[in-house]
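Computed from a predicted model, the values in this text were never measured in an experiment. Here is the naming used below: chain letters follow the sequence lines, and residue numbers restart at 1 for every chain.
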2 protein chains.
Amino acid sequence: MDQKDFLTNIAFDSVVFGFSGGALKILIMEYHNTGFFALPGGFVQRNENLNDAVRRGLKERTGLDNIYLEQFYTFGDTARYKPEIMQTILESGNYSLEKYEWLLDRFISVAYYALINYKEVVPQPDALSDSCEWYDIDALPPLIFDHADIVAKALQTLRDNLDRKLVGMNLLPARFTMNDLQKVYEAILGEKIRRTTFQRKMLSLEILKRHEKQYLGKAHKAPYLYSFED
Amino acid sequence: MDQKDFLTNIAFDSVVFGFSGGALKILIMEYHNTGFFALPGGFVQRNENLNDAVRRGLKERTGLDNIYLEQFYTFGDTARYKPEIMQTILESGNYSLEKYEWLLDRFISVAYYALINYKEVVPQPDALSDSCEWYDIDALPPLIFDHADIVAKALQTLRDNLDRKLVGMNLLPARFTMNDLQKVYEAILGEKIRRTTFQRKMLSLEILKRHEKQYLGKAHKAPYLYSFED
DNA sequence: TTATTATTGTCACAAAATGAGACAATGAAT
DNA sequence: ATTCATTGTCTCATTTTGTGACAATAATAA
């Protein structure tokens, strides 16, 4: 983590979406002894593609390769430059302010969102943080810098992309019911969807393969399981 | 233009769209004595918002304030790092390689597109360039670095945004005919649109104000002029 | 065994949006 | 007055979407 290995003034932040218990969640880190919460992020190595840097960071936090990833905005206001916060984080982690002085400089941050299958992940804190945990998108702790803005814009972009990109594929397990898929859409949009219209629309896309029924011992008709495979 | 005034490793590029003669055009710069063509761009001052830096750059190139601007992607592949090209540009412009050594470093570039009224602009070259001129989007010269990719992505984003944002407003003069507006849409989409459907759709949006007719001395019915004002 | 209950898959119809063409109105040239 | 190209609007067909109805389950209760 030496200055000469990394590009200066440029960072990235990731909004990692997962879906569990009917709610949309994201990963948030908490720094040692500071009460500071932040998005997972990192820096770009001098010989590394920006996109690869983000994948490297996500691999460290989630253990996953091949994550669905979209870049959505680059945040570059001067108002996001608050060196005293970074200084507190470094001091609380017992890091040398001299060696890591470059972290106190201003950073422009390229923001990405990722979609992952909640159940496949065991979130890992990094050296500076106590925890890396899921938070309900409606109940986030206060975040440092402009990270609340980043989350808001990530969610807005996800909503805008909902019709154009196959969002459900990445947030659900390989097999799921139509109702599972509908709940993902409802969590992202923040509103209820009409069941029959949703079902008709999803089936008309011809991207779902129907499998066996799912018997859960409930007192009603068992739903079919679907997958996105061909 | 001293290193200490600017953030390092980060730049911006602008795809400036204009509309003239029924075709979509963008601004391209040509560097002194090099045969190199590139998008207008620049660097971010240490105390300056990223968005403001882009507006500053556009003001220098076009003379305009209050330009319609959208950030659309940040390009950060290592493959775009070609210091020999920048060195040639500096040498051809008789700039000191020592003083401007920082320009030979790797840059991650935040890309924006702008929409402007073609007739309001007299493009201005900068100190390093011979010209800053309009080129038809279908007939661009070969561009340095990954600037051709940037243009392609700008155009794709513009198409995707066509229904959601008021594109025509920014590419046309204050008053225009329905046919003018349709030609803008056709130039962006790269395909013909059905006249009656387009007219019905535009009018149903209730964002157009109808004004007097435009008599051009042609042997047919004179069209109404419209504006986006309220 | 036979109701009861909640949910699912599908259909039918209404409403809205879009595609496609018809046609009269118009401004100038012949 | 006639012709011509273009415009504004209308109508009808087609497609998409909104809305509810309804039969088909899979377990539970009677």
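The CG atom of Leu225(A) sits 12 Å away from the P atom of dT8(C) (whole-angstrom rounding). Leu181(B) places its CG atom 16 Å from the C1' atom of dG8(D), with the value rounded to the nearest Å. Separating the CG atom of Leu203(A) from the P atom of dT8(C) is a distance of 14 Å, rounded to the nearest angstrom. In this structure, CG of Asp163(B) is placed 13 Å from C1' of dA17(C), rounded to the nearest angstrom. Here dT6(D) presents its P atom at 14 Å from CG of Asp180(B), a figure rounded to the nearest Å. Atom pair Tyr226(A):OH and dG9(C):C1' shows a separation of 8 Å (rounding to whole Å applied). Put simply, CG on Asn179(A) is 13 Å from C1' on dG9(C), counting in whole angstrom units.
Looking only at atom types and distance, the side chain of Asp180(B) has no donor-acceptor partner in the side chain of Tyr226(B) under 3.5 Å away. Between the side chains of Tyr73(A) and Gln71(A), no donor-acceptor pair is found at a separation under 3.5 Å.
Under the ring pair (Phe, Tyr, Trp, His ring centres under 6.0 Å) criterion, the residue pairs touching residues 178-210 of chain A are Tyr185(A)-Phe198(A), with sequence neighbours excluded. Judged as a ring pair (Phe, Tyr, Trp, His ring centres under 6.0 Å), the pairs with a partner in residues 161-180 of chain B (not counting sequence neighbours) are, in order, Phe176(B)-Phe228(B). Listed by first and then second residue, the side chain to side chain donor-acceptor pair (under 3.5 Å) pairs involving residues 119-133 of chain A are His32(A)-Asp130(A), Asp126(A)-Ser129(A) (not counting sequence neighbours).
The base of dT7(D) lies close enough to the side chain of Lys221(B) for a donor and an acceptor atom to sit less than 3.5 Å apart.
Remark: Arg194(A), Thr196(A), Thr197(A), Arg200(A) in residues 193-200 of chain A come within less than 4.0 Å of DNA chain D through at least one heavy atom.
Between Lys213(B) and dG8(D) there is no side-chain polar atom (N or O) within less than 4.0 angstrom of OP1 or OP2. At dA17(C), none of the side-chain N or O atoms of Lys201(B) fall inside 4.0 Å of OP1 or OP2 (strictly under the cut-off).
Look at Asp160(B) and Arg164(A) and you find a salt bridge, because one of the NZ, NE, NH1 or NH2 atoms lies within 4.0 Å of a carboxylate O, short of that distance.
Looking only at distances, no side-chain donor or acceptor of Arg61(A) sits under 3.5 Å from a matching main-chain atom of Val122(A).
Residue Asn66(B) places its CG atom among 12 or fewer non-hydrogen atoms of other residues, nucleotides or ligands, all under 6.0 Å distant.
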Shorter than 3.5 Å, N or O on both sides, protein versus nucleotides 27-30 of chain D: list them out with atom names.
| from | atom 1 | to | atom 2 | distance (Å) |
| --- | --- | --- | --- | --- |
| dA27(D) | O4' | Lys218(A) | O | 3.3 |
| dA27(D) | O3' | Gly217(A) | O | 3.4 |

Which pairs would a plain distance check flag for residues 211-220 of chain B, meaning a side-chain donor or acceptor within less than 3.5 Å of a matching protein atom at least two apart in sequence or in another chain?
| from | atom 1 | to | atom 2 | distance (Å) |
| --- | --- | --- | --- | --- |
| His211(B) | ND1 | Arg175(B) | NH2 | 3.2 |
| His211(B) | NE2 | Ser227(B) | OG | 2.7 |
| Glu212(B) | OE1 | Arg175(B) | NH1 | 2.9 |

